[in-house]
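Inspection log for the structure reproduced underneath, given as structure tokens.
We count residues from 1, following the sequence as given.
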Amino acid sequence: MVNRTLVWFRRDLRVYDHEPLSRAARRGAVIPVFVFDRSLLHHPETSPARVAFMVDCLRHLDKDLRRLGGRLILRSGDPVKVLPQLVEETQAEGVYSYIDCERIYGRVRDARLNQALADRQMRIRWFEPPASCSELMAYPDYRQWWYQEMVEPMVPAPARVRVPAEVVGEELPDLEKLGHSPDAKPIPTGSTQVARHLLQRFLAEKAERYYWQLSYPSAEITTGLSPYIKFGVISVRECVQTIQRADDRDDRRIQRSYYQLISRLRWGNGFTQRFRYLPQLELRSLYSVFDDDGWDFDEKLYQAWQTGQTGFPIVDAAARCLQATGGYLALNFRTRAIYASFLSNLMGMDWRYGALHFMRHLIDGDCPIDHYQWAMQSGVTHCVDKAWTRIYNPQQVAVDRCDPDGQFIKHWVPELAHLSPQQLGMPPKTKGYPTPILDYRQVRAHRVKQLEAQRGKFLQSANLVPHLGRMPKNVMPFGAERYSSEVTWATVDAPELFPVALDLEHLDSEQSRNLRTWFVAHVNMTPSKNRQRKSGESNDLQQLSLL
């Protein structure tokens with residue numbers, strides 16, 4: 001009998017640069033499977049638009065497999081039950097899959113799966129995705145290792161994928177069958193070919209401007225690749241190698257843009273690596289003092305922030321853009337940062353409420369990237385060797401810096417379309433538009449004082465470990481009480497995780513030093529002054545070098 005291997009697809013919906021699929025195809029027959037898992041489909045942070053995009057990615061993965069002679073097998077249910085049953089049904093020798101560290105739920109599920117397969121004398125082989133490492137290494141070493149990983153040869157698509165004819169799957173469901181309703185966001189086409197086209201379009205049409213206009217949302221300078229990278233429709237390694245092979249036309253502007261984009265890809269992988277070490281970052285702030293001290297919360301003000309009714313035009317434009325588009329094209333890094341900083345630093349609310357709202361709308365929502373950046377912008381994931389605080393001024397400074405012509409604001413806040421750009425920071429009283437919900441200078445001064453007091457407990461500490469938030473025994477997802485969710489998996493105290501988290505109670509001195517390097521500045525960063533941005537100016541490289 002020909003060898004059979006079950007390949008479990010998760011956040012790797014492609015046939016190119018996919019080591020588990022390639023290895024399985026070389027061994028013999030393949031059962032490529034995707035399982036619709038209710039605990040993910042109905043997690044508190046699930047976005048209907050993101051699910052819709054995922055379904056289209058699966059449709060195109062099936063097409064790519066069929067071009068290779070195979071097809072995608074779809075099943076529904078708890079993977080801990082579905083996969084052993086499928087192994088037995090198909091007489092497969094075992095399961096191949098990539099390790100995934102995005103969510104605590106996934107690590108609880110995978111630990112349970114390991115045990116369920118072992119109980120039935122079935123095997124699973126886990127593959128490390130490129131840029132993921134089980135070893136605790138210092139961040140500078142990881143950065144160097146990441147570049148080495150990115151130049152490794154890509155794994156070619158299998159010449160042929162043979163799926164046993166008798167193995168049957170379910171029909172590809174629509175969004176309603178998965179328990180979600182469309183929310184009118186435009187859904188991009190989820191194919192590898194489209195992802196490659198977007199990258200080539202960026203190289204041909206946007207590279208000259210990317211570095212210089214990255215902070216301007218109206219420039220529409222983002223690549224649009226983030227949803228594809230989130231679901232692994234295209235590998236980060238393919239993106240990096242494509243950029244490195246591209247003609248820079250001996251143009252310094254293009255060279256800096258290429259460097260910038262590659263740095264952002266590394267940045268995203270770095271967030272995931274942090275979550276591999278410390279999965280509690282999904283639920284807690286990095287330093288325990290911030291959660292121990294508690295946060296403010298006002299439901300009415302939270303809803304004003306969510307719906308774009310704060311009276312600060314650039315914040316409200318970001319809010320409305322997120323809900324209408326899913327953010328992956330129009331809501332760039334700088335605008336997201338201003339929007340995030342407003343909630344936690346100026347409104348004083350727990351950053352997890354912001355991360356929850358983003359994840360319920362982002363088409364490119366990736367938990368480590370979203371949560372870590374939220375905590376970072378709220379000041380609670382702070383460089384332990386830097387005393388100053390970045391709190392974005394959401395008034396005219398933000399307009400001058402990010403939307404000097406007012407195009408982004410006027411598009412999303414049409415109530416203010418009649419105003420000049422110079423009025424959009426602090427607009428005059430306008431019918432149909434709210435007055436500001438807070439006094440910027442007053443609340444900023446309060447927040448700076450609060451952060452200074454909290455940071456004083458760990459700032460400049462040689463050993464951060466005593467100050468770090470621990471993995472909670474109760475892993476209930478944040479927001480489960482606000483939204484209907486499938487969270488029965490989280491009712492078991494202190495469940496096992498795979499891969500395991502760092503054991504903070506038993507780190508030796510070298511390990512503690514290595515962990516500290518992930519939370520310090522690796523360049524000499526100074527706070528930027530509030531001034532109108534001049535043409536060609538950017539401090540993004542400094543921000544990227546930090547991470």
Would you call [X] and [Y] a side-chain contact if the rule is heavy atoms closer than 4.5 Å?
X      : Y      : result
Leu497 : Ile104 : yes
Leu281 : Thr381 : no
Tyr216 : Gln407 : no
Thr272 : Glu102 : no
Gln255 : Tyr259 : no
Leu58  : Phe9   : no
Arg125 : Arg23  : yes
Leu61  : Phe34  : no

Rounded distance (nearest 0.5 Å) linking atom [atom1] of [X] with atom [atom2] of [Y]:
X      : Y      : atom1 : atom2 : answer
His411 : Arg320 : NE2   : CZ    : 11.5 Å
Tyr372 : Leu278 : OH    : CG    : 9.0 Å
Trp267 : Phe333 : CH2   : CZ    : 3.5 Å

Judged by atom type as modelled, is there a donor-acceptor pair below 3.5 Å linking the side chain of [X] to the main-chain atoms of [Y]?
X      : Y      : result
Arg50  : Met359 : yes
Lys206 : Thr222 : yes
Asp364 : Gly327 : no
Ser378 : Trp374 : yes
Tyr258 : Asp247 : yes

Less than 3.5 Å apart, any donor N or O on the side chain of [X] or [Y] sitting next to an acceptor on the other?
X      : Y      : result
Ser39  : Arg109 : no
Arg209 : Gln213 : yes
Thr5   : Arg27  : yes
Gln273 : Tyr277 : yes

Original post:
For Gln244, does the CD atom have more than 12 heavy-atom neighbours from other residues, nucleotides or ligands under 6.0 Å away?
Top reply: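 It does: Gln244 CD has more than 12 such atoms within range.
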Original post:
Would you say Glu220 has more than 12 foreign heavy atoms packed within less than 6.0 Å of its CD?
Top reply: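 Atom CD in Glu220 is not packed in, count stays at 12 or less.
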Original post:
Does the ring center of Tyr98 lie less than 6.0 Å from the ring center of His18?
Top reply: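 Yes, the ring of Tyr98 comes within the 6.0 Å limit of the ring of His18, centre to centre.
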Subject >> Aromatic centroids of Phe53 and Tyr228 separated by under 6.0 Å >> reply: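 For Tyr228 and Phe53, the ring centres are under 6.0 Å apart.
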Presence of salt bridge, [Y] and [X], under 4.0 angstrom:
X      : Y      : answer
Arg103 : Glu45  : yes
Asp110 : Arg107 : no
Glu171 : Lys177 : no
Glu19  : Arg237 : no

Original post:
Taking the inter-plane angle between the rings of Trp305 and Tyr339 on a 0 to 90° scale, is it parallel (under 30°), tilted (30 to 60°) or perpendicular (over 60°)?
Top reply: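 Plane angle under 30°, so parallel.
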Original post:
In terms of the angle between their ring planes, are His43 and Trp489 parallel, tilted or perpendicular, with boundaries placed at 30° and 60°?
Top reply: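 Correct class here is parallel.
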Subject >> Identified side chain to side chain contact (heavy atoms under 4.5 Å, CB included) counterpart of Tyr16 within the set Thr192, Leu21, Ile234 >> reply: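 The residue from Thr192, Leu21, Ile234 that satisfies side chain to side chain contact (heavy atoms under 4.5 Å, CB included) with Tyr16 turns out to be Thr192.
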Original post:
Is NZ or CZ of Arg401 both nearer than 6.0 Å to the six-membered ring centre of Tyr392 and within 45° of the ring axis?
Top reply: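 No, Arg401 does not sit over the ring of Tyr392.
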**OP:** Please determine if Arg360 forms a cation-pi arrangement with Tyr483, meaning its NZ or CZ atom is less than 6.0 Å from the six-membered ring centre and no more than 45° off the ring axis.
**Re:**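 Because its charged atom sits under 6.0 Å from the ring centre and within 45° of the axis, Arg360 does stack over Tyr483.
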Subject >> Over all atoms of both residues, closest heavy-atom pair of Leu117 and Arg123 >> reply: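 Residues Leu117 and Arg123, closest heavy atoms: CD1-O, 4.4 Å.
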Original post:
Leu175 and Val51: side chain to side chain contact (heavy atoms under 4.5 Å, CB included), yes or no, with the steps?
Top reply: CA-CA 7 Å; Leu175 198 58; Val51 174; 3.6 Å; yes
Original post:
What's the verdict on side-chain hydrogen bond (donor to acceptor under 3.5 Å, both in side chains) for Asn514 and Thr517, showing C-alpha distance, side-chain angles and the deciding distance?
Top reply: CA-CA 5 Å; Asn514 285 343; Thr517 65; 5.5 Å; no
